[in-house]
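Okay, structure first, notes after.
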Number of protein chains: 2
Amino acid sequence: MKLTVMRMAAAAVLMAGLATGVAAQQKNVTIGVSIPAADHGWTAGVIYHAERTKALLEKAYPGLKVLVKTSPSGAAQANALEDLTQQKIDALVVLPFNSDELTGPVGEVKKKGTFVTVVDRGLKDASIQDVYVAGNNPEFGRVSGQYFKDNLKTGDIVVLRGIPTVIDSERVDNFEKAIAGSGIKVLDKQFANWSRDDAFKVMQDFLAKYKKIDAVWAADDDMAIGVLEAIRQAKRDDIKMVIGGAGMKDMVKRVIDGDKMVPVNVLYPPAMIATAIQVTVAHFYGGAPVRGTYLISSPLITQTNAKEYYFPDSPF
Amino acid sequence: MKLTVMRMAAAAVLMAGLATGVAAQQKNVTIGVSIPAADHGWTAGVIYHAERTKALLEKAYPGLKVLVKTSPSGAAQANALEDLTQQKIDALVVLPFNSDELTGPVGEVKKKGTFVTVVDRGLKDASIQDVYVAGNNPEFGRVSGQYFKDNLKTGDIVVLRGIPTVIDSERVDNFEKAIAGSGIKVLDKQFANWSRDDAFKVMQDFLAKYKKIDAVWAADDDMAIGVLEAIRQAKRDDIKMVIGGAGMKDMVKRVIDGDKMVPVNVLYPPAMIATAIQVTVAHFYGGAPVRGTYLISSPLITQTNAKEYYFPDSPF
């Protein structure tokens, strides 16, 4: 018994020694993460993935501190950047509210020698960023269109657009290119601002106007939910499928469950914030510079691969 | 004293408990890394960074095993992929010898459900890869040309090309676009196969042919070394600067030291293999899929930032 205690004491000393050895090599890095508050489902997903990545990486790298700050507006985010700078951050990972208000403030952070990673929404001056992580909007449209071409093959569809932006045009243009030459005809397309409520109203109009619609490209999961509700209330049974996009958990769950109205989804992951934080951490702990542009793919989510994109704990 | 021993014993139990807790959560992932053997300086750098990243990441993630395999030919690399597959790898990070010989074998690995990250040299079928990490060749040429335009401003230069490939064309085309409208005249350009010896011979010809050369775009660090040796042997003092590219440590050291003949370098980092391995590891430990294309920047390396790109322990 005494021997056992002595052995354990020796083990304690040895383990304490190992712990000190690790501590001596420890590199201290602080990364600020500035993201919009949860103004819609997708940004709620961004916050979830930022917090999750913070926990995972702080565990893997003792000495790493990740500070996640959310802001309800562009002006608030500019202030948040000043606060983060005062906490002496080595790097900033920022998903800007918008380019107009944030280009100046992020530029100021950069001038202090901070490593800057920009996510999703680009700044007006690309020279500010060290790393840019973004979704692939042309691919998002192309993959969606290709699915219609391969599976619906022929029929009449309606299309919901987001907010008039470059992102929206890249998606819709590539969708239309992808269905060209098929038997698919676009009856109508209208802006619904990536909003559930607006999409509900736009879809009501479409349903009143067109007596036969074979399928809907809702182009976004929030809009898809509005569209599905409008169809349900109208008790229409002509519509075979509604394709959204982003990877919202409720929609991915429908794909997993084999829901015929929602057979697939197209990824535009809020988890791109996780990739951005990981790459930024690799810059400091990986031993080599990582400057570059990371374009996150928009693959088709089918029943086969859907589990990989399903985050039941996420709000999105 | 007895109390102290007891406390230490208690601590040992506690620490053992924590260790068990960590072990229980430990995720076992095996990543195979297949790269060419060191056939020239750059690939030697790739091996250095692969081994370094293996050590860093295996320390950060207990349960992670990174197997680095080098192969002296395309056929040997195809065999190496079979060996790695038999070791039940979860992911493959591959810098293919060439697209022709490796597209099939990497496709076979993919068919087994392995996550595939391709580095630098693309495969003939892009649908095989989950992640693609590559250098930015148009930027490499543009940044080099911009430096000539901003600093030499006017004068006669000669250009050395690599091997006739898309990579070489993208570099040279963008270099020429960047110097357009300046007072810089390209006297001549010849292929020297990214080889030190070939560049030495090509430069000897240039020196015999042109009595006044103001600067050389060697476009690669191995070629720059051949060019510098030819100038030294010819005892010519008209040439003001020789600009290579890649980030070879001897050349970066010259930039750090303020060598006027080698004032800058342009990055095309063998460390892109490190980024590729890190991103692949993030796919398994980061909790979110990372599929996409990562284009590594080719920034100008100047005396100000050169230390960040200097790896004295690397063979390259």
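Chain identifiers are assigned alphabetically (A, B, ...) following the order of the sequence lines, protein sequences preceding nucleic acid strands; residue numbering begins at 1 within each chain.
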Most contacts with chain A, counted as non-hydrogen pairs under 4.5 angstrom, among [options]:
options                         : result
Ala274(B), Ala282(B), Pro299(B) : Ala282(B)
Thr275(B), Thr293(B), Ile296(B) : Thr293(B)
Ala271(B), Pro269(B), Gly286(B) : Gly286(B)

### Task
Taking heavy atoms only and a threshold strictly under 4.5 Å, list by residue number the residues of residues 113-123 of chain B that touch chain A; give 'none' if the list is empty.
none

### Message
For Lys65(B), is the NZ atom crowded, meaning more than 12 foreign heavy atoms sit under 6.0 Å from it?
### Response
no

What part of [X] is in contact with chain A, defined as an atom under 4.5 angstrom from a non-hydrogen atom: side chain, backbone, both or neither?
X         : result
Val133(B) : neither
Pro289(B) : both
Val290(B) : both
Leu57(B)  : side chain
Arg291(B) : both
Tyr285(B) : backbone

### Query
Is Leu295(A) close to Tyr294(B) at the side-chain level, that is, under 4.5 Å between some pair of heavy atoms?
no

### Query
Does any non-hydrogen side-chain atom of His283(B) lie less than 4.5 Å from one of Glu308(A)?
yes

### Message
Taking side chain as everything from C-beta outward and backbone as N, CA, C, O, which of these in Val131(A) sits under 4.5 Å from a heavy atom of chain B? Side chain, backbone, both or neither.
### Response
side chain

